[in-house]
Amino acid sequence: MEPFLSLLLLICSVSAAQLNTESDSEITAHLLQTEPKGEEPARTLNNQQSCTPDIHAVLREMSATLAGLKYEIRDLQRENEGKTKVAFSASLLASGSGHTGPFDTHTTLVFKYVLTNIGNAYNPDTGFFIAPVRGVYHFEIKSGAYGHPSHGSATVLVKNDQNVFAAWEHQTSGTMSSSNGVILSLEVGDVVFVRLWHHTRVYDNEHNHSTFSGHLIFTM
């Protein structure tokens, strides 16, 4: 009986030792698993702190870029406004008085006395108006002359060497005048000018009897 009791006590003590060992192992493993989780908030906070200066730098760069774009847009707006403000009016003679013509061939009239030339699209050295932007334009021509038995007064507005319309008047004596106007759709670089019809004449003096005018109505 005593050997049996001794064996039973030995088995119980071994089982208790194994139980304690397993409990310690499980606790250790649990602690090892929970330690990284405990460090995670600190690591995240450190990452957030390290990113904060970078975000500020990006924001400053974006602000500078936006400021630069603002100035570029403003400059472009000013440039486009300058191109879209187009108007001119010019008279035939810069000084003196008298008739121009008659000539044996159609002759380009150069209106030298410029009253208005917003946008500088009209050239008083050539008599050409060159469209700076694509759009719809309005033009007017007016011609004055003294009557003559053989010579009337006829001017023709021309677009790119194509006759568009004419202003014509003929009487044998006295003063006479003629005028006409048109709305044209122009592309950039289109040329508009005035021709004096062959065997006719126009008159001008300081009162600006013969004129060429135009302006941009709207862009397209």
Side-chain angles (χ1 to χ4, degrees), residues 78-79 81-133 135-219:
R78 289 178 177 176
E79 182 179 353
E81 285 176 358
K83 290 181 178 179
T84 56
K85 292 180 179 179
V86 181
F88 77 98
S89 188
S91 182
L92 188 59
L93 297 182
S95 61
S97 63
H99 281 93
T100 300
F103 304 107
D104 292 335
T105 60
H106 305 323
T107 303
T108 299
L109 291 176
V110 180
F111 295 81
K112 294 183 176 298
Y113 179 59
V114 177
L115 287 83
T116 303
N117 196 11
I118 299 171
N120 294 316
Y122 174 74
N123 188 335
D125 295 325
T126 62
F128 292 163
F129 171 86
I130 301 177
V133 294
V136 175
Y137 295 78
H138 177 254
F139 296 94
E140 291 183 356
I141 55 173
K142 182 178 180 297
S143 302
Y146 284 101
H148 189 280
S150 302
H151 304 294
S153 176
T155 53
V156 181
L157 188 134
V158 183
K159 172 188 173 183
N160 297 331
D161 208 35
Q162 177 185 1
N163 295 336
V164 178
F165 64 80
W168 162 263
E169 180 68 26
H170 186 201
Q171 60 190 50
T172 58
S173 62
T175 59
M176 58 185 181
S177 65
S178 58
S179 61
N180 212 336
V182 69
I183 293 175
L184 295 177
S185 175
L186 301 181
E187 300 292 333
V188 175
D190 280 347
V191 181
V192 178
F193 59 98
V194 180
R195 279 182 179 147
L196 178 67
W197 204 254
H198 64 88
H199 304 306
T200 67
R201 62 182 189 172
V202 291
Y203 177 84
D204 199 23
N205 61 15
E206 68 274 13
H207 299 299
N208 308 319
H209 295 279
S210 298
T211 59
F212 176 34
S213 303
H215 68 276
L216 173 66
I217 300 175
F218 56 83
T219 59

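Heads up: numbering here begins at 1 and tracks the sequence. All values below were derived from every heavy atom in this structure, side-chain atoms included, with hydrogens, water molecules and symmetry-related copies excluded. Every value quoted in this text rests on a predicted model; they were computed, and no experiment measured them.
- A distance-only check finds no donor-acceptor pair linking the side chain of Thr126 to the backbone of Pro124 [under 3.5 Å].
- Side-chain N or O atoms of His99 include one that pairs as donor or acceptor with a backbone N or O of Tyr146 at under 3.5 Å.
- Judged by distance alone, the side chain of Asn160 and the main-chain N or O of Val191 form a donor-acceptor pair under 3.5 Å.
- Residues Trp197 and Asn163 have side chains in contact (heavy-atom distance under 4.5 Å, counting atoms from C-beta outward).
- Going from atom CD1 of Ile130 over to atom OH of Tyr122 covers 11.5 Å, rounded to the nearest 0.5 Å.
- Under 4.0 Å is where a charged nitrogen must lie from a carboxylate oxygen, and between Asp161 and Arg195 at least one such pair does.
- Checked by atom type, the side-chain pair Ser91/Asn208 shows a donor-acceptor distance below 3.5 Å.
- Ring geometry for Phe129 against Tyr137 counts as perpendicular: the plane angle is over 60°, on a 0 to 90° scale with 30° as the lower cut.
- Rounded to the nearest 0.5 angstrom, Ser150 OG and His199 NE2 are separated by 11.0 Å.
- For the side chain to side chain contact (heavy atoms under 4.5 Å, CB included) with Leu186, the qualifying choice from Val133, Leu216, Val192 is Val192, the only one to do so.
- The distance from the OG atom of Ser213 to the NZ atom of Lys142 is 10.5 Å, given to the nearest 0.5 Å.
- Considering only heavy atoms from C-beta on, Phe139 comes within 4.5 Å of Leu184 through its side chain.
- A donor-acceptor pair shorter than 3.5 Å can be found between the side chains of Ser143 and Thr155.
- Using cut-offs of 30° and 60° on the angle between ring planes, the pair Phe111 and Phe212 is tilted.
- None of Val156, Asp204, Leu196 except one satisfies the side chain to side chain contact (heavy atoms under 4.5 Å, CB included) rule with Leu109; the exception is Leu196.
- The distance from atom CD1 of Ile141 to atom CG of Leu157, rounded to the nearest 0.5 Å, is 5.5 Å.
- Side-chain contact between Pro132 and Val86 is present, with at least one heavy-atom pair separated by less than 4.5 Å.
- Ring geometry for Phe193 versus Phe128: interplanar angle of 30 to 60°, hence tilted.
- Side chain of Ser210 to main chain of Tyr203: a donor-acceptor pair is present (N/O by atom type, distance under 3.5 Å, no hydrogens or angles).
- Between the side chain of Lys112 and the main chain of Gly127, no donor-acceptor pair closer than 3.5 Å is present.
- To the nearest 0.5 Å, the span separating CD on Glu169 from OG1 on Thr175 amounts to 10.0 Å.
- Proximity of Thr105 to Thr107: side-chain heavy atoms (C-beta onward) are separated by under 4.5 Å at one or more points.
- In this structure, His138 contributes its side chain and Ile183 its backbone to no donor-acceptor pair below 3.5 Å.
- Taking the side chain as every heavy atom from C-beta outward, Pro102 and His198 never approach each other to under 4.5 Å.
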